[in-house]
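Single-structure report; data block below.
Numbering of ligands and ligand atoms starts at 1, following listing order. Side chains are part of it too, since the values below use all heavy atoms of this structure and drop only hydrogens, waters and symmetry mates.
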Amino acid sequence: MNHDTYDAIIIGAGIIGTAIGYELARKGRRTLNIDMLPAAGYGSTSNSCAIIRLYYSTLDGCAMAYDGYYYWKNWADYLQAPRDESLASFNECGTLIMKTKLNDGLRKQLVHLDALDIPYDHWTNEQILERYPFYDVSNFAPAKALDDPHFGEPTSGQLDGAIMFPKGGYISDPQFATRNIQLAAERVGATFRFNSRVKEIPTANGKVQGVVLEDGTRIDAPLVVNVAGPHSSQINALVGADRDMKISTRALRQEVTHLPAPGGIDYASFASVVSDSDAAVYTRPEMGRNILIGSEDPPCDAHVYVDPDNYDRNFSDQWTLQAQRLGQRFPGIGIPSNPKGCVDLYDVTEDWIPIYDRSCVDGFYLACGSSGNQFKNAPVAGKAMAALIEHCESGNDHDRQPMHYRLENVDREISLGTFSRLREVNQDSTFSVLG
Ligand SMILES: Cc1cc2nc3c(=O)[nH]c(=O)nc-3n(C[C@H](O)[C@H](O)[C@H](O)COP(=O)(O)OP(=O)(O)OC[C@H]3O[C@@H](n4cnc5c(N)ncnc54)[C@H](O)[C@@H]3O)c2cc1C
């Protein structure tokens with residue numbers, strides 16, 4: 001029987017899978033991205049809040065985000081796009097991080113940011129109020145459930161100001177950005193196959209052989225990369241790659257709330273991304289004069305881990321809870337009766353740091369566990385994974401001696417050991433979507 005044959009199969013055509021396909025194709029490999037959905041970026045990427053920010057809990061995490069920032073900033077160059085191509089846009093409105101008891105004024109992270117020369121300004125509460133005159137800067141933490149009789153009551157004191165990172169913002173349309181990368185990848189010879197679900201991953205002598213699709217089609221390749229997002233643990237189980245993993249991945253349900261800005265406020269004209277761990281929400285402008293509200297995962301909220309093929313896509317009380325939490329900071333915000341926003345999944349690891357690694361099955365690689373915070377890093381992940389694959393396929397033992405990847409836009413190397421499947425849970429993490 002004749003089988004299609006490729007040099008590398010990438011399972012998934014989300015923003016990270018597509019970026020990996022692009023980089024492997026640029027290195028001359030015949031690649032195939034396979035996705036069970038009808039187009040690139042239709043999975044969890046499509047509902048990403050697509051925030052570009054530079055602070056993470058580890059130095060390597062911050063360095064990766066800073067490197068990634070430059071690809072978004074110079075998006076047409078990254079894509080080598082023809083002049084007339086329509087591209088997703090980067091709204092560089094900055095990111096404002098409230099200094100709270102919970103994040104200790106970002107003291108730990110600022111050490112990393114200083115090491116990388118990332119610019120930022122300290123803002124007083126007065127400066128916050130100049131930009132957001134409708135804010136109440138009282139403290140409300142610890143976050144509470146909606147039925148807590150003390151919900152919405154100020155606790156003690158006020159925010160301790162904020163930190164403004166001018167380099168940051170959000171991408172207008174994450175699905176369209178993925179489509180941009182798909183076209184760039186196709187220009188350098190990559191291929192994509194949609195509406196096709198990987199059902200089996202055959203191996204021989206401990207080495208991956210390719211994939212078998214739901215309809216029985218077999219496609220051969222000596223390299224297969226798991227970039228299946230919230231389905232990543234299913235894919236790892238298919239090939240036995242989970243045998244030695246110390247870090248696992250699970251699908252975590254998330255709701256994102258969209259609220260109309262109160263009458264007359266042109267929110268997008270002045271607002272930045274705001275991360276507010278005291279109110280336990282992050283916000284950014286959203287199309288149609290709306291405010292997008294995501295959760296910062298406070299401990300009082302249940303983590304709802306689900307089967308990615310069978311979960312409730314309707315809004316729950318969580319939608320209202322996020323709206324009410326913003327209502328503490330922004331008392332004038334109204335809550336309409338018809339909820340808008342989205343329900344989707346993160347692919348979460350124990351320490352909310354992704355896995356970019358090889359696996360115990362030769363030729364089978366992992367780019368998963370993106371934990372709700374890797375959209376911004378997709379271009380870097382694409383390049384780092386392509387470099388890692390070359391490194392391992394040339395006989396290097398990445399598990400014993402983790403490869404260092406030299407960033408292209410920031411004068412620094414990062415250890416890919418930070419993202420190893422064999423790492424201990426990283427205790428420096430925020431254990432939240434902030435990574
Ligand atoms: C609500 C939400 C908000 C977020 N906000 C941000 C943010 O502000 N900033 C940020 O940096 N990150 C954010 N993220 C995270 C970011 O969006 C993800 O890290 C990123 O999109 C993951 O991309 P991916 O390519 O790995 O996965 P996905 O986009 O999930 O793609 C995986 C693909 O694999 C396919 N697939 C799965 N199984 C199979 C199979 N068996 N056969 C074939 N195809 C298969 C799926 O159809 C899917 O298209 C957010 C995520 C969510 C859900």
Any N or O of [X] that comes nearer than 3.5 Å to an N or O of ligand 1?
X      : result
Cys342 : no
Ala367 : no
Pro230 : no
Met36  : yes
Tyr42  : no
Thr45  : yes
Asp344 : no
Ser48  : yes
Phe375 : yes
Tyr346 : no

So that I can tick it off, tell me whether [Y] and [X] are bridged by a salt bridge, with the cut-off set at under 4.0 angstrom between side-chain N and carboxylate O.
X      : Y      : answer
Asp399 : Arg421 : yes
Asp411 : Arg406 : yes
Lys199 : Asp215 : no
Arg325 : Asp301 : yes
Lys73  : Glu92  : yes
Arg329 : Asp276 : yes
Glu85  : Arg179 : no

Nearest-neighbour protein heavy atom for [atom], which is reported as residue plus atom name and distance:
atom                    : value
atom 27 (O) of ligand 1 : Gly229 CA, 3.7 Å
atom 41 (N) of ligand 1 : Val198 O, 3.2 Å
atom 53 (C) of ligand 1 : Leu345 O, 3.2 Å
atom 11 (O) of ligand 1 : Lys376 NZ, 2.6 Å
atom 15 (C) of ligand 1 : Gly372 C, 3.3 Å
atom 5 (N) of ligand 1  : Cys49 N, 3.1 Å
atom 30 (O) of ligand 1 : Ser44 OG, 2.7 Å

- Task: With salt bridge (Lys or Arg N to Asp or Glu O under 4.0 Å) as the test, would you mind laying out the steps for Lys27 and Glu390 before giving the verdict?
- Result: CA-CA 9 Å; Lys27 286 186 181 292; Glu390 287 211 324; 3.7 Å; yes
Does [X] approach ligand 1 within less than 4.0 angstrom via side chain, backbone, both or neither, non-hydrogen atoms only?
X      : result
Ile15  : both
Ile52  : neither
His231 : side chain
Pro174 : neither
Ala50  : backbone

- Query: How about Tyr69 and Trp72: are their ring centres within less than 6.0 Å of each other?
  - Reply: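 Judged by ring-centre distance (under 6.0 Å), Tyr69 and Trp72 do not meet the cut-off.
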- Item | Candidate list Ile163, Val137, Ile128, Asp278, test side-chain contact (heavy atoms from CB on, under 4.5 Å), partner Met98, passing option |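 It is Ile128, the one option of Ile163, Val137, Ile128, Asp278 that forms the side-chain contact (heavy atoms from CB on, under 4.5 Å) with Met98.
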- Query: Who pairs with Glu393 by salt bridge (charged side-chain N to carboxylate O under 4.0 Å, His left out), at least two apart in sequence or on another chain?
  - Reply: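 Not a single residue meets the salt bridge (charged side-chain N to carboxylate O under 4.0 Å, His left out) criterion with Glu393.
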Taking atom types as modelled, find out whether [X] and [Y] have a side-chain donor-acceptor pair closer than 3.5 angstrom.
X      : Y      : value
Tyr170 : Glu286 : no
Asn180 : Trp75  : yes
Gln324 : Gln328 : no
Asp309 : His231 : yes

Distance under 4.0 Å to a non-hydrogen atom of [X]: what atoms of ligand 1 satisfy this?
X      : value
Gly14  : 25 (O), 29 (O), 31 (O)
Leu37  : 47 (O), 49 (O)
Gly43  : 49 (O)
Asn47  : 1 (C), 2 (C), 3 (C)
Gly12  : 33 (C), 34 (O), 35 (C)
Asn373 : 10 (C), 11 (O), 12 (N), 15 (C)
Ile235 : 41 (N)
Ser370 : 18 (C), 19 (O), 22 (C)

Is a side-chain N or O of [X] found less than 3.5 angstrom from the main chain of [Y], in a donor-acceptor match?
X      : Y      : result
Ser429 : Asn426 : no
Ser272 : Thr95  : no
His398 : Met403 : yes

Minimum non-hydrogen distance to [atom], winning option of [options]:
atom                    : options                       : value
atom 46 (C) of ligand 1 : Asp35, Ile34, Thr18           : Asp35
atom 37 (C) of ligand 1 : Ser46, Ala381, Ser196, Ala228 : Ala228
atom 8 (O) of ligand 1  : Ile16, Ile51, Val211, Val343  : Ile51

- Message: Counting neighbours of CG on Asn205 that are heavy atoms of other residues, nucleotides or ligands and sit closer than 6.0 Å, is the number greater than 12?
- Response: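 Atom CG in Asn205 is not packed in, count stays at 12 or less.
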